[in-house]
Amino acid sequence: MGEEDDMADFIVDEDDLDEHGASVRRKKLKKNKSRQAPGVTSSALLEAQEIFGDVDELLQLRKQGLDSSEWRERRLEDQFEPTVLSEKYMTEKDDQIRMTDIPERMQISEESTGTPPIDEMSIIEESTWILHQLIIGAVPLFGKEGQDLSINREDVMRFLELTHVQKLDIPFIATYRKEQCLSLLKDPEQHEVDDVDQDKSEKTPTIKWHRVLWAIQDLDRKWLLLQKRKTGLQSHYSKRFEEESRRVYDETRLNLNQQLFESILKALKDADSEREVDDVDAKFNLHFPPGEVGVDEGQYKRPKRRSQYSICNKAGLWMVASKFGYSAEQLGSQLSLEKMNDELEDAKETPEEMASNFTCAMFETPQAVLKGARHMAAVEISCEPSVKKCVRGIYMENAVVSTIPTPDGKIAIDSFHQFAGVNWLREKPLSRFDDAQWLLIQKAEEEKLLQVTIKLPEKCLDELNKEFNVYLSNGVSKSAQQWNEQRQLILKDALFGFLLSSMEKEARSLLTSRAKNWLLLEYGKVLWNKVSVGPYQRKENDINSDEEAAPRVMACCWGPGKPATTFVMLDSSGEVLDVLYTGSLTLRSQNVNDQQRKKNDQQRVLKFMTDHQPHVVVLGAVNLSCTRLKDDIYEIIFKMVEENPRDVGHEMDELSIVYGDESLPRLYENSRISSDQLPGQSGIVKRAVAVGRYLQNPLAMVATLCGPGKEILSWKLSPLENFLTADEKYGMVEQVLVDVTNQVGLDVNLATSHEWLFAPLQFISGLGPRKAASLQRSLVRVGTIFTRKDFVTTHGLGKKVFVNAVGFLRVRRSGLAANSSQFIDLLDDTRIHPESYLLAQELAKDVYDEDLKGDNDEEDALEMAIEQVRDRPSLLKSLRLDKYLESKERKNKRETFEDIRRELIQGFQDWRKQYKEPSQDEEFFMISGETEDTLTEGRIVQATVRRVQGGRAICVLESGLTGMIMKEDYADDWRDIIELSDRLHEGDILTCKIKSIQKNRYQVFLVCKDSEMRSNRYQHVQNLDPYYHEERSSLQSEQEKARKEKELAKKHFKPRMIVHPRFQNITADEAMEYLSDKDPGESIIRPSSRGPSYLTLTLKVYDGVYAHKDIVEGGKEHKDITSLLRIGKTLKIGEDTFEDLDEVMDRYVDPLVSHLKAMLSYRKFRRGTKTEVDELLRIEKSEYPMRIVYCFGISHEHPGTFILTYIRSTNPHHEYIGSFAYCTVKGSSSLVACLLFLSNLWLVLFGTVGRNDYRNSGSRDGHPSGLPRPYGGRGRGRGPYNSSRGHEGQDSSYDAPKWDSGAKKGDDGWGNFPGAKVQNSPGREAFPGGWGGGGNESGSGSGSGWGGGGNESGSGSGGGWGGDNSGWGQASAGTDNGGSGW
């Protein structure tokens, strides 16, 4: 340590030198006593200290209120990262927003829109535009487009005046200016009915989402942006036109440009949408293209591509284009019926004659000139705003959308797929897309699963062509017809070359915008339903006792052990009182020690609950373990009530345990704000606190995650929310929370004592994150507030912000002010705005005087009246408000007086929906993590077998739900299954369909038999689009079905955690592709589609021929999926067991490959298919007719099997030889064994002709060709000789080895002839065994065999052979995309 101290100042900074140049030891930073600054948490201070060093000086200056620009520049800009300053709202821009006396959200909006105009004409013009947009459904409000909202234009005008001129926020207008915009406050979805006065005063109002006001504000913003863009474009156009005019010297061209410019400015002025402004801009850029300015001044011109129109224009073809007749502008006015032009007169000369006068080097012929001129005319028509507006109207009203799946889509999209309802739409009109369906279509098209067409029906196209016929002349002369032909070509090019394609792009954009608006509204509805719910209410809640209104909550989060299950006790204000960890409470073991630990935990929880007396227990619902944990807690409660009735309060008798959703608490657990609010606490404690607080105050808990990090955006509220941007989602979050917060109100004194309750402050009317943070710091510094006036005098709110916010801020005896004796005005704890205090006092006094039947002139009569009517609400309830207002001549203030009366009866009454405990369905989906879309009957799922008991298998789904498979649901041949455990084992992974769901028991019944898996009984048909028409003629062919099976196998493909040079995580198709350019005998080991307990060996037998062999893994741990994905401790192929893959390669694969290569190099081996080899033998037989010619070939149908083909007289005969199987028999691992087998086979086939040793010549057992069966064995296969009877043959007198000659029962004599199959008759071969073949071969046989490549479906009963009776094992009826079972 001493050395370290001596070397501490070895490196000296330049600043650490005294005036003589000597080094000065730098003063060490003090890290201990940091002065706490108001509004800064200790954890934030500690974090800043670690990052930036000593922050005491900064905090001290901040506390003193130093605000000199010099200090700020030196300390903040230099010492902090810009992102940090931005997050903490400490930039100069943030300070300016804080200081400006305009609502914060209004300031942020005006940064992009500019200051709105406040003159009467502008407001009238804007209100007309907004009303039109609302009527045509430009903003989705209540679902159906064009719904009659009964909105008055005068109300819209007044709303604009209140926002633009008086700078009032939406919540203020909706609450305190109701009379000025009543038609904007109605919500058709709520179907409100006006009641009589008494009913209305007694009826509790409901919380409202003022969607019309928000829609008008959104349209106001769009209008202002539109006007800002039009103003900017007008300035740009004027400047650009002046520059262009200086470059043109042709008088005719100048006049034409002048006319074009004037028409463009007029069109720009008339444009009332962004789309129409785009049209005007396109026209201007066509006639006045950018990029030409500055050349004359000696500036460099950036090279750019010149359009065909520009080339034609430069060549002077604009004069030719002008001679075709109507200009584009004239055609537009004709189409829009604005102005009827004079009848078109044709030129006397023909088009070619006229065009010959304009030929040039670039356009050498009249035809080329006409073509260029036609192009110019077509482009001008397609860029004319009035023409586009006409075409747009027809197109958007009549265009239809059709979808059809691509080949990949037909495979991937099943009845439960996300795109299932949109893959076969037929001619659905654009106007009928009223939800998010288009977003799914768009996504499917991007993924190349759908082909989408948008077009006009033929009938509408014909009508559009008729509309454009005004471009043609009525002349009948030959010249007129020639000019009309040119015009028709122009129209065709304009319509089909430009207009319709651009309209399709616009239609796509429109559909996307409309779908996103609808989705955003749905997103807002889900959030609204979550935050508009009130806190949990105690069963015997005393409403008058405000402090006890909120419940004491014990929150519990299940833990797997690390972390342990955690209990957190919260007081009625949401502050943590105590924490308890219980690691053994949920143990299910019968071990004595475990039982004792569990009992100890139960006692600790019992004491925890007895000490703190919670009103409710909330349990985070994450998995099935929570259901058992709930039972454990109930058991503790019952024990507590039984054993200690005196220690338990009366409210504990009916203590409820409710489930809480952990999705939001998990976001809080990982947020930065949780570390600030709960420093030093573990993650599970933070999560449990959030679960409890969400029950106490859902609004505050949601608002907590709306800080700079905007963690709220990670809260999954809609399955399609990924189509929305973060800004779009947060805009909706802000809209919903502003409405809810201001209708609920904020208890300022309570929030001052409990920081987390300040979270909704930023959503109070007039405030925002910056103003709210400043106000919070000021409130915390002072500690308490006793009157609403202090918000202006003490806490620095500007007058306009104060007016907007004060009515929603409650000032009452809570928090630190609870025990204060200082006077607090009762009206400050109501929603009554200070501007209406006199009206409230007047109303209370009138009601009080009416009750006393006399006047009361005392000075404090007003205050006494308010207290009296508060204590006796019946006085106000019996008031006939209409008569009262008539007597006071204040009928125009009816809504205001109604609100005042309600608030005088009970201030800040909670209008939110009452909390309801989750229903059984909601509990099920919370605990399972599934939704109604992801878990339905008929959906295909994967299940892992946990245990097999009698006639049922108990499985677990990926979500943790229990799955049950009964024996009759396992396989179609379930009657043949003696014990289900013979077929199923622990750890097997099955692909099943959901048969039924039992939500109360958290289990599903599954079915996996082939008939049900192929069945479409559970086809998803609910809510099917009326335009959905599946083309039955386009249903999948056999090849498509096979391809679908491959895709499904790839979908369920599980990569394995195995490292070996011969292993790769690839599918069967990929394995065959990998081996395609390798030599025969090359192999690879890959995962099996049968599940993680199997591997598959894929071997290249020959070019285009691949065989697949299953390797069964054993000795696996089934505790989790990771253990299953590792390689097993033992590997089994048939009856042979191997320790690892190296041994498999050495003992099994290498001998197999060596014998394979020996067979391929044998002199009698012939290449080609069976037909080609037959032809070669016929040629050889014709050359040597006296010989019995023979050869060996590869069986392409049954990989791993050779064909012995021979011709004795005329027809070829075939014998299938499973030589691979033979060559791997123990003790026969050399080529000699193979050749010995072949020589004996030869003797059997040819050396016994005419002998009667077998005594079966001519019998049923004899070969059709006259040859005896080898060893008397009966042929196998699908032919007429496919008998299941065994045959005991006599031993040959030849020296053939005896291959398991004693046939056992069930072996069917197959042991007598290993790996061979005798042909029944030419062309009717039956295959008993060998390796499964490639392609779409479907083989059924009794022999042992390997499943084939492609979609081989093999079923067979095992036949054993070899000296030790070791068999290949029994084949299972399974499909393996590229390999089936043996």
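All residue numbers refer to positions in the sequence shown, counting from 1. What you see is a predicted model; the values in this text were computed from it and never measured.
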Under 3.5 Å side-chain donor-acceptor pair for T784 and N749: no
Candidate pair I832 and L904, rule side-chain contact (heavy atoms from CB on, under 4.5 Å), full reasoning: CA-CA 9 Å; I832 302 171; L904 287 175; 4.2 Å; yes
Inter- and intrachain pairs under ring pair (Phe, Tyr, Trp, His ring centres under 6.0 Å), touching residues 777-816, at least two apart: Y176-F808
Salt bridge flag under 4.0 Å for residues E867 and K845: no
CG on N697 to CG on D747, rounded to 0.5 Å: 10.5 Å
K799 vs D101, salt bridge (charged side-chain N to carboxylate O under 4.0 Å, His left out): CA-CA, chis, key distance, verdict: CA-CA 7 Å; K799 183 179 178 182; D101 186 22; over 6 Å; no
Any P563 side-chain heavy atom under 4.5 Å of Y581 side chain: no
D739 versus W214, side-chain donor and acceptor atoms under 3.5 Å: yes
Gap separating the OG1 atom of T704 from the CG atom of L667, nearest 0.5 angstrom: 12.0 Å
Over all atoms of both residues, closest heavy-atom pair of V553 and G692: CG1-CA, 3.9 Å
Check: Q537 side chain, Q914 main-chain N or O, donor-acceptor pair, under 3.5 Å: no
Closest non-hydrogen atom pair, L713 against K729: O-NZ, 3.2 Å
Sub-4.5 Å side-chain heavy-atom contact between I764 and L767: yes
Test log, rule side-chain contact (heavy atoms from CB on, under 4.5 Å), inputs M554 and H612: CA-CA 9 Å; M554 185 174 82; H612 297 294; over 6 Å; no
Verdict with supporting geometry, W209 and Q735, side-chain contact (heavy atoms from CB on, under 4.5 Å): CA-CA 9 Å; W209 184 5; Q735 181 185 132; 3.0 Å; yes
Exam field: side chain K178 to backbone E895, donor-acceptor pair closer than 3.5 Å: no
Stepwise side-chain hydrogen bond (donor to acceptor under 3.5 Å, both in side chains) test for K789 and T794: CA-CA 8 Å; K789 295 177 183 176; T794 306; over 6 Å; no
Full working for ring-ring contact (aromatic ring centres under 6.0 Å, His included) between F172 and H833: CA-CA 10 Å; F172 181 91; H833 198 275; 5.3 Å; yes
Electrostatic pair R813:D829 at N-O distance under 4.0 angstrom: no
V616 vs V618 side-chain heavy atoms within contact, under 4.5 Å: no
Main-chain N/O of D169 paired to S765 side chain as donor or acceptor, under 3.5 Å: no
Salt bridge (charged side-chain N to carboxylate O under 4.0 Å, His left out) between D676 and R672, worked out: CA-CA 7 Å; D676 292 341; R672 189 186 306 172; over 6 Å; no
Straight-line distance of D578 CG to D571 CG, nearest 0.5 Å: 12.0 Å
Residue N819 excluded, over 12 heavy atoms near CG under 6.0 Å: no
Gap separating the CG atom of L606 from the CD1 atom of I633, nearest 0.5 angstrom: 12.5 Å
Heavy-atom side-chain contact between P103 and K167 under 4.5 Å: yes
Name of the residue among L775, D790, L761, L779 meeting side chain to side chain contact (heavy atoms under 4.5 Å, CB included) with V748: L779
Within 6.0 angstrom of K913 NZ, more than 12 heavy atoms from elsewhere: yes
Closest heavy-atom pair and its distance - E669, S674: O-OG, 3.4 Å
Nearest heavy-atom neighbours spanning C557 and V691: SG-CG2, 4.1 Å
Polar side-chain atom of T100 near backbone of I102 as donor-acceptor pair, under 3.5 Å: no
Taking every non-hydrogen atom, the tightest pair across S573 and Q696: C-OE1, 4.4 Å
V658 and L695, any side-chain heavy atoms less than 4.5 Å apart: yes
Worked check of side-chain hydrogen bond (donor to acceptor under 3.5 Å, both in side chains) between T91 and D94: CA-CA 5 Å; T91 63; D94 295 323; 2.8 Å; yes
Spacing of Y668 atom OH and S663 atom OG [to the nearest 0.5 Å]: 15.5 Å
S675 side chain reached by K686 side chain, heavy atoms, under 4.5 Å: yes
R812/D828 salt bridge by N-O under 4.0 Å criterion: no
Among V736, I207, V733, the one residue meeting side chain to side chain contact (heavy atoms under 4.5 Å, CB included) with V531: V736
Main-chain N/O of T610 paired to Q613 side chain as donor or acceptor, under 3.5 Å: yes
With R770, the side chain to side chain donor-acceptor pair (under 3.5 Å) member among Q762, Q107, E104: E104
Side-chain heavy atoms of R912 within contact of L699, under 4.5 Å: yes
Spatial distance of atom CZ (R831) from atom OG1 (T175) [nearest 0.5 Å]: 8.5 Å
Donor-acceptor pair, side chain of R552 and main chain of S572, under 3.5 angstrom: no
Residues which pass side chain to side chain donor-acceptor pair (under 3.5 Å) with Q96, listed by chain and number, not counting sequence neighbours: none
Chi angles and distances behind the side-chain contact (heavy atoms from CB on, under 4.5 Å) call for K530, W715: CA-CA 12 Å; K530 289 184 178 293; W715 199 13; 3.3 Å; yes
Distance-only side-chain donor-acceptor flag, Y837 / R788, under 3.5 Å: yes
Expected output: side-chain E711 to main-chain S671 donor-acceptor under 3.5 Å: no
Note, V576 side chain near M569 side chain (heavy atom, < 4.5 Å): no
Minimal non-hydrogen separation, V780 against T752, with atom names: CA-CG2, 4.0 Å
Residue pairs passing the ring pair (Phe, Tyr, Trp, His ring centres under 6.0 Å) test where at least one lies in residues 739-780, sequence neighbours excluded: none
